[in-house]
There are 2 protein chains.
Amino acid sequence: MEKTEFTFLPRQKDEDIVIHDDSFNEDELKALIRRMNLKVTSQRLLILYALCEGRRHVTAQELYEKVVKKDSSIGFATVYRFLRHMNEQKFVTEVRMGGLPARYELTPKSHHDHLTCSDCGQIVEFENKQIEVLQEKVAKQFGFTLNHHVLELYGICPQCQVK
Amino acid sequence: MEKTEFTFLPRQKDEDIVIHDDSFNEDELKALIRRMNLKVTSQRLLILYALCEGRRHVTAQELYEKVVKKDSSIGFATVYRFLRHMNEQKFVTEVRMGGLPARYELTPKSHHDHLTCSDCGQIVEFENKQIEVLQEKVAKQFGFTLNHHVLELYGICPQCQVK
DNA sequence: CCCTGAGTTGAGAATGATTATTATTTACTT
DNA sequence: AAGTAAATAATAATCATTCTCAACTCAGGG
């Protein structure tokens, strides 16, 4: 288990996370930023920190609001810019749904698909091997070699159904 | 081949389309609008006409520009409004890709997904009932009611594999 | 440790797609 | 034909995101 993996293993819930000083330490975050050929700044460290420790699938605004609490002088453009960089370099993945604001997650090591609530935007992740096998089958049927797919399910979540 | 099906059978290429006076006649378009519980107006007829005759997957702007040539007084809000109505009533389907403007197509009678060649862009449409059943299963598992999904497979087509 | 220049930042303006507002016009009902 | 509810054009508003740019800061060499 290598140390550097932590940044790519986002947690499911806030409560799951206990940050010991040596797990999200500055050096590791700095190395991560350098790997993207970017300069290390306090702002970027803060943003990364918030991303690692927070809930998955945040919008840029949510992330900005979180980060502003730690450093009230930070600008939202900085958050957008950094998210864009990280997305380009595949360190985060952008998820878009309808016309709603984009949501970001640290790119997971293992693939998963999304089930999104059309009403509140909540995203549930899932993995289904059977579906994946069938996809391979379809591709083969047309002589394609498959290398990537997007599966997004849209519906209404239990909470929104009540309303 | 029933007459009323034409509106739901978008064409692959512009060249495929020959509009004889009796195929997209006003009465049929009017009936279509009334089926949505909307009033028949010259603007809506024009928009519908442009949608039926044009290429698939147009943006609201493209459609507006097309329609404005026939009636220069038409407003773009009218196009957006009507597209929204038709989308709500499932007469057109909205497709969003990245942060790009939404694209619309007349809702095809039979649902299909896409298998796209990452190399040449060729698109193969397919349908797989088994996958759809599994999707319903996943949604139910999380308490969601499913109403729509996007499944896009990306790979290399047989022709491009040879190269 | 300081200099330098290239990269980064914050603030706010700009953009682009889409939606809301409103006064006016139009379609359908009686 | 007259009344009324809906639709329209024009334009303002909104919302997420990107751009601009002057001021600031990091990294690397002397």
Side-chain angles (χ1 to χ4, degrees), chain A residues 26-27 29-48 50 57-89 92 94-104 118 120-121, chain B residues 26-27 29-48 50 57-89 92-104:
Chain A
E26 277 195 22
D27 286 345
L29 297 182
K30 285 179 181 173
L32 188 66
I33 295 171
R34 292 211 186 83
R35 236 178 293 158
M36 307 191 234
N37 292 311
L38 296 175
K39 289 189 174 173
V40 174
T41 66
S42 63
Q43 293 91 332
R44 284 173 177 164
L45 283 173
L46 260 181
I47 294 168
L48 253 187
H57 299 125
V58 279
T59 63
Q61 284 300 331
E62 285 166 2
L63 198 56
Y64 166 69
E65 274 154 33
K66 187 165 185 178
V67 154
V68 132
K69 285 180 192 158
K70 302 267 176 180
D71 174 0
S72 62
S73 77
I74 209 166
F76 61 86
T78 304
V79 176
Y80 275 98
R81 254 184 315 234
F82 192 38
L83 281 174
R84 187 146 41 96
H85 268 127
M86 289 200 289
N87 183 50
E88 277 160 10
Q89 314 226 3
V92 302
E94 201 183 65
V95 183
R96 280 170 190 273
M97 143 67 193
L100 299 172
R103 289 178 175 272
Y104 299 87
S118 317
C120 67
Chain B
E26 275 195 24
D27 286 345
L29 297 182
K30 284 179 181 173
L32 188 66
I33 295 172
R34 292 213 183 82
R35 234 178 292 158
M36 307 191 235
N37 292 313
L38 296 175
K39 291 186 173 173
V40 174
T41 66
S42 62
Q43 292 90 334
R44 283 173 177 165
L45 283 172
L46 260 181
I47 294 168
L48 254 186
H57 299 125
V58 279
T59 63
Q61 283 300 332
E62 285 166 2
L63 199 56
Y64 166 69
E65 274 154 32
K66 187 164 184 178
V67 154
V68 131
K69 285 181 192 159
K70 302 267 176 179
D71 173 0
S72 63
S73 78
I74 209 165
F76 60 84
T78 303
V79 176
Y80 275 98
R81 250 185 320 237
F82 192 39
L83 280 174
R84 187 146 40 96
H85 268 127
M86 290 199 289
N87 183 50
E88 277 160 10
Q89 314 225 4
V92 302
T93 301
E94 202 184 64
V95 182
R96 280 171 191 273
M97 145 73 179
L100 301 172
R103 291 180 172 272
Y104 300 87

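Residue numbers start from 1 in every chain, and the chains themselves are labelled A, B, ... in the order their sequence lines are given, proteins ahead of strands.
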>> Test side chain to side chain contact (heavy atoms under 4.5 Å, CB included) on B/L83 and B/E94; report intermediate values, then the result.
In response: CA-CA 9 Å; B/L83 280 174; B/E94 202 184 64; over 6 Å; no
(message) For a 4.5 angstrom cut-off between non-hydrogen side-chain atoms, does A/I33 reach A/L45?
(response) yes
In whole angstrom, what separates [X]'s [atom1] from [N]'s [atom2]?
{"X": "B/H85", "N": "C/dA20", "atom1": "NE2", "atom2": "P", "result": "11 Å"}
{"X": "B/E88", "N": "C/dT18", "atom1": "CD", "atom2": "C1'", "result": "14 Å"}
{"X": "B/I74", "N": "D/dA7", "atom1": "CD1", "atom2": "P", "result": "14 Å"}
{"X": "B/F82", "N": "C/dT19", "atom1": "CZ", "atom2": "P", "result": "15 Å"}
{"X": "B/D71", "N": "D/dA10", "atom1": "CG", "atom2": "P", "result": "10 Å"}
{"X": "A/L83", "N": "C/dT9", "atom1": "CG", "atom2": "P", "result": "12 Å"}
{"X": "B/M36", "N": "D/dA7", "atom1": "CE", "atom2": "P", "result": "11 Å"}

Hey, what do you get for [atom1] ([X]) to [atom2] ([Y]), rounding to the nearest 0.5 Å?
{"X": "A/F76", "Y": "A/L63", "atom1": "CZ", "atom2": "CG", "value": "14.0 Å"}
{"X": "A/L38", "Y": "A/R34", "atom1": "CG", "atom2": "CZ", "value": "11.0 Å"}
{"X": "B/D71", "Y": "B/I47", "atom1": "CG", "atom2": "CD1", "value": "9.5 Å"}
{"X": "B/E65", "Y": "B/Q61", "atom1": "CD", "atom2": "CD", "value": "6.0 Å"}
{"X": "A/S42", "Y": "A/E26", "atom1": "OG", "atom2": "CD", "value": "9.5 Å"}

Double-helix bend of the helix from C/dC1-D/dG30 to C/dT30-D/dA1, axes at both ends from 5 pairs, round to 10°, gives 30°
Take A/T78 and A/Y64 through the test side chain to side chain contact (heavy atoms under 4.5 Å, CB included) and record every step on the way to the result. CA-CA 9 Å; A/T78 304; A/Y64 166 69; over 6 Å; no
Applying side chain to side chain contact (heavy atoms under 4.5 Å, CB included) to B/R103 and B/E62, what does each step give before you reach the verdict? CA-CA 9 Å; B/R103 291 180 172 272; B/E62 285 166 2; 3.5 Å; yes
**Q.** Full working for side chain to side chain contact (heavy atoms under 4.5 Å, CB included) between B/M86 and B/F82
**A.** CA-CA 6 Å; B/M86 290 199 289; B/F82 192 39; 3.7 Å; yes
Check: Are the side chain of B/R44 and the backbone of B/K39 linked by a donor-acceptor contact shorter than 3.5 Å?
Finding: yes
Reading nucleotides 22-27 of chain D from 5' to 3' and marking B where a protein heavy atom lies under 4.0 Å of the base, S where only the sugar-phosphate is that close, and - otherwise, the string is ----BS
Per-nucleotide protein contact along nucleotides 16-21 of chain D, 5' to 3', at a 4.0 Å heavy-atom cut-off (B base, S sugar-phosphate only, - neither), is SBBBB-
Q: For C/dT9, take OP1 and OP2 only and decide whether either is under 4.0 Å from a side-chain N or O of A/T78.
A: no
